[in-house]
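To keep things clear, I will list the structure first and then write my remarks on it.
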Amino acid sequence: MKIVSFNINGIRARHDRLTEYLEKEQPEIVCLQELKCADDALPVEHFEAQGYHGVWHGQKGFNGVAILSKGEKPELRRKGLPDDPNPDQSRYIEAEAHGVVVASIYLPNGNPIGTEKFTYKLDWMEQLRLHAAELLAAERPTVLVGDYNVIPEDRDTYSRSAMAKDALFQPESQQAFRRIVAQGWTDALRTFHPDEKRLYTFWDYQRGAWQRDAGFRIDHLLCSPQAADRLTGAGVDRWARGEEKASDHAPTWASFE
DNA sequence: ATGGTTGAAGATCAA
């Protein structure tokens, strides 16, 4: 069973890329971020025609998350975090599908640092940490999937100096991420690629970042022990980033037996 | 220090 994290960067502008991806990879579960679309404007007919059912938490213009499941409708568990720092922003949805509890996360970017945007990011991560602890306590196969907007370590970026003032690479952001992982979550990507130097999931549209492989790793799948026991692999579908009119993120996945 | 790109909304912002 393949579970995918895919920041689609505007689902209306990218539904053909999603169709192509589903056709090619046939994943059981896809967690989408940055729909940039209200619920009633979501182009559901495309993925429904391919046998996918979904739950979504959209927002006009910005943010927006969804969970798609092949062959069965996901059972919605919640939209938004408990004590969400800003319930107007659609950044979290949680459902059960194929016997797994899955969350689709679009964590605040946090730029520029030194502003309320950065404190919002850290506040949001703290609420995520509290909720993640409750999910772990349930001792079920659970995967926290999404665009965390956090580069966990130095080796996860093409350039430390280029990212030095970026919210994605601040020690506070990395520490907040580590605090969540340290509860007992397994970072699926790094587990299967312990020594990979260019394990990236995002390449900016600007300055030929894709052509230079100037990327970083910000899309993550965190697995509870009960999910980690079933892990069989993880990776990045880089081919999708090279397509015409691609998202700036590549689909990032983990597979389970 | 600046600019480069993209989507959605709408004469800019968020990324």
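Every chain is numbered from 1 and lettered A, B, ... according to where its sequence line falls, protein lines coming before strand lines.
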Do you reckon A/Ile218 sits in the same ILVMFWY cluster as A/Tyr158, going by side-chain contacts under 4.5 Å, direct or chained?
yes

Return the value, rounded to whole Å, for the distance between atom CG of A/Leu168 and atom C1' of B/dA14.
13 Å

Sugar-phosphate, base or nothing in reach of A/Arg91, heavy atoms under 4.0 Å:
sugar-phosphate

Taking CG from A/Asn7 and P from B/dA8, how many angstroms apart are they, rounded to a whole number?
12 Å

A/His15 has an atom NE2; how far is it from atom C1' of B/dA8, in whole Å?
15 Å

NZ/NE/NH1/NH2 to OD/OE distance under 4.0 Å, A/Asp204 and A/Arg212
no

Donor-acceptor pair between A/Tyr92 and A/Asn63 side chains, under 3.5 angstrom
no

Under 4.0 Å between a side-chain nitrogen and a carboxylate oxygen: does that hold for A/Lys2 and A/Asp237?
yes

B/dA14 C1' sits how many Å from A/Phe62 CZ, rounded?
6 Å

Classify A/Tyr106 by what it touches in the nucleic acid, base, sugar-phosphate, or nothing, heavy-atom distance under 4.0 Å.
sugar-phosphate

Distance check needed: B/dA14 C1' versus A/Glu116 CD, whole Å only.
13 Å

Would you say A/Arg12 reaches B/dA9's phosphate, i.e. side-chain N/O to OP1/OP2 under 4.0 Å?
yes

Nearest-Å distance for atom pair CG/P, residues A/Asn86 and B/dA14:
13 Å

Between A/Glu34 (CD) and B/dC13 (C1'), how many Å, whole number?
13 Å

Distance below 4.0 Å between A/Arg207 side-chain N/O and B/dG3 OP1 or OP2
no

